[in-house]
> 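Below is a structure I'd like to ask you about.
For reference, positions follow the sequence shown, starting with 1. Please read all numbers here as calculations on a predicted model, not as lab measurements.
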Amino acid sequence: MEGLDLNKFAGTWFTIERIPNQYVETASCIYTNYTVDGSGLLTHEFGKNAVGEAITIQSQMKANKPGEAMTVISDGVPEAPLKIVATDYDTYACLESCLQYPAFKAQFAWILTKKPASSIEAAKTCHDILKTKMSIDSSSFKKVKQGRGCEYPTWARNSN
């Protein structure tokens with residue numbers, strides 16, 4: 001995103017929808033704390049896996065040139081580009097990642113909000129933006145279970 005302000009983006013974001021991704025273990029109750037460091041963002045993703053066990057994934061999002069995708073570095077998975085395609089910093093963020101090789105392409109996307117409750121407006125905004133800018137069909141998205149049955153620490157609920 002041109003003009004992305006990492007300091008304004010930092011904080012806790014809740015994943016409300018995403019395109020399924022075989023490289024990500026979290027399945028429900030997903031929230032991520034983004035912290036600015038010298039080379040981009042450090043991320044701590046929390047949630048439950050497919051069998052309901054709590055898990056945490058740490059990674060680094062290295063900033064590249066302004067307007068270019070960041071590079072996600074995380075143990076056990078290939079480095080991948082990640083774009084914060086759009087955000088208003090207070091309500092929604094639309095993220096996209098695309099791995100492309102001569103015989104293989106995998107495109108993923110996430111819709112984040114500052115509260116765990118699903119936001120129809122945020123989802124629609126990101127669906128429209130991701131379709132226009134990245135050619136992603138909204139039917140590819142799956143809702144992420146949030147709310148009832150999810151436990152969020154006070155710092156996550158109150159950090160925004």
> May I ask you to decide if G149's main-chain N or O and K48's side chain share a donor-acceptor pair within less than 3.5 Å?
yes
> Is it true that a side-chain atom of Q146 and a backbone atom of I30 form a donor plus acceptor pair closer than 3.5 Å?
yes
> Of T15, T32, T56, I57, which is the lone residue that meets side chain to side chain contact (heavy atoms under 4.5 Å, CB included) with T26?
I57
> F104, V24: one ILVMFWY side-chain cluster at the under-4.5 Å cut-off?
no
> Rounded to the nearest 0.5 Å, what separation is found between the OG1 atom of T12 and the OH atom of Y31?
8.0 Å
> With respect to M61, which candidate in L41, L6, D37 satisfies the side chain to side chain contact (heavy atoms under 4.5 Å, CB included) definition?
L41
> CD/Q58 to OG/S74 distance, rounded to the nearest 0.5 angstrom?
9.0 Å
> Going by atom types only, do S140 and D137 share a side-chain donor-acceptor pair under 3.5 Å?
no
> Measuring from D90:CG to K8:NZ, what's the distance to the nearest 0.5 Å?
7.5 Å
> Within the structure provided, determine whether T125 and D88 are in side-chain contact (heavy-atom separation under 4.5 Å).
no
> Can you name the nearest heavy-atom pair linking P20 to K142, along with the distance?
CG-CG, 3.6 Å
> Quick check: are there more than 12 heavy atoms from other residues, nucleotides or ligands sitting under 6.0 Å from NZ of K83?
no
> Go through the steps to decide whether V85 and I129 satisfy the test side-chain contact (heavy atoms from CB on, under 4.5 Å), and finish with yes or no.
CA-CA 8 Å; V85 178; I129 290 169; 3.8 Å; yes
> With no hydrogens and no angle check, just 3.5 Å: does a side-chain donor-acceptor pair link S97 and Q107?
no
> Does any N or O in the side chain of K145 come within less than 3.5 Å of the main-chain N or O of R148, such that one atom is a donor and the other an acceptor?
yes
> Ring pair (Phe, Tyr, Trp, His ring centres under 6.0 Å) with Y92: which residues, sequence neighbours excluded?
none
> Under a 4.5 Å side-chain heavy-atom rule over Ile, Leu, Val, Met, Phe, Trp and Tyr, are M134 and V72 clustered together?
yes
> Taking CD in Q60 as the centre, count heavy atoms belonging to other residues, nucleotides or ligands within less than 6.0 Å. Is the count above 12?
yes
> Would you confirm whether the ring centroid of Y152 sits within less than 6.0 angstrom of the ring centroid of F46?
no
> Before we go on, tell me: are the rings of F9 and Y34 under 6.0 Å apart, centre to centre?
yes
> So, the side chain of N64 versus the backbone of A69: is there a donor-acceptor pair under 3.5 Å, distance only?
yes
> Tell me whether M1 shares a hydrophobic cluster with M70, the cluster being built from Ile, Leu, Val, Met, Phe, Trp, Tyr side chains joined at under 4.5 Å.
yes
> I'd like to know if the side chain of N33 pairs up with that of T43 as donor and acceptor (distance under 3.5 Å, no hydrogens or angles considered).
no
> What verdict does the side-chain contact (heavy atoms from CB on, under 4.5 Å) test give for F141 and I136, after you've listed the backbone C-alpha separation in whole Å, the side-chain angles of each residue and the deciding distance to 0.1 Å?
CA-CA 9 Å; F141 283 89; I136 297 174; 3.8 Å; yes
> Are F108 and V77 co-members of a hydrophobic cluster defined by side-chain heavy atoms under 4.5 Å apart?
yes
> Would L82 and W110 satisfy side-chain contact (heavy atoms from CB on, under 4.5 Å), going step by step from the backbone distance to the final call?
CA-CA 10 Å; L82 181 83; W110 299 261; 3.5 Å; yes
> Closest approach of S28 and V144, non-hydrogen atoms and distance?
CA-CG1, 4.1 Å
> Side chains of I73 and K62, heavy atoms from C-beta outward: is any pair under 4.5 Å?
yes
> CD1 of I111 to CD1 of I16: how many Å apart, nearest 0.5 Å?
6.0 Å
> For side-chain contact (heavy atoms from CB on, under 4.5 Å), just list the numbers for L130 and E96, CA-CA rounded to whole Å, side-chain angles, deciding distance to a tenth of an Å, and then say yes or no.
CA-CA 8 Å; L130 291 166; E96 184 264 357; 4.3 Å; yes
> Considering all heavy atoms of both residues, which atom of E17 and which atom of A123 are nearest to each other, and what is their separation?
OE2-CB, 3.5 Å
> How long is the gap from NZ on K133 to SG on C126, to the nearest 0.5 Å?
10.5 Å
> Say whether L95 and L42 are linked into one hydrophobic cluster, either directly or through other cluster members, by side-chain heavy-atom distances under 4.5 angstrom.
no
> When rounded to the nearest 0.5 angstrom, what distance separates CG in L112 from OG in S119?
12.0 Å
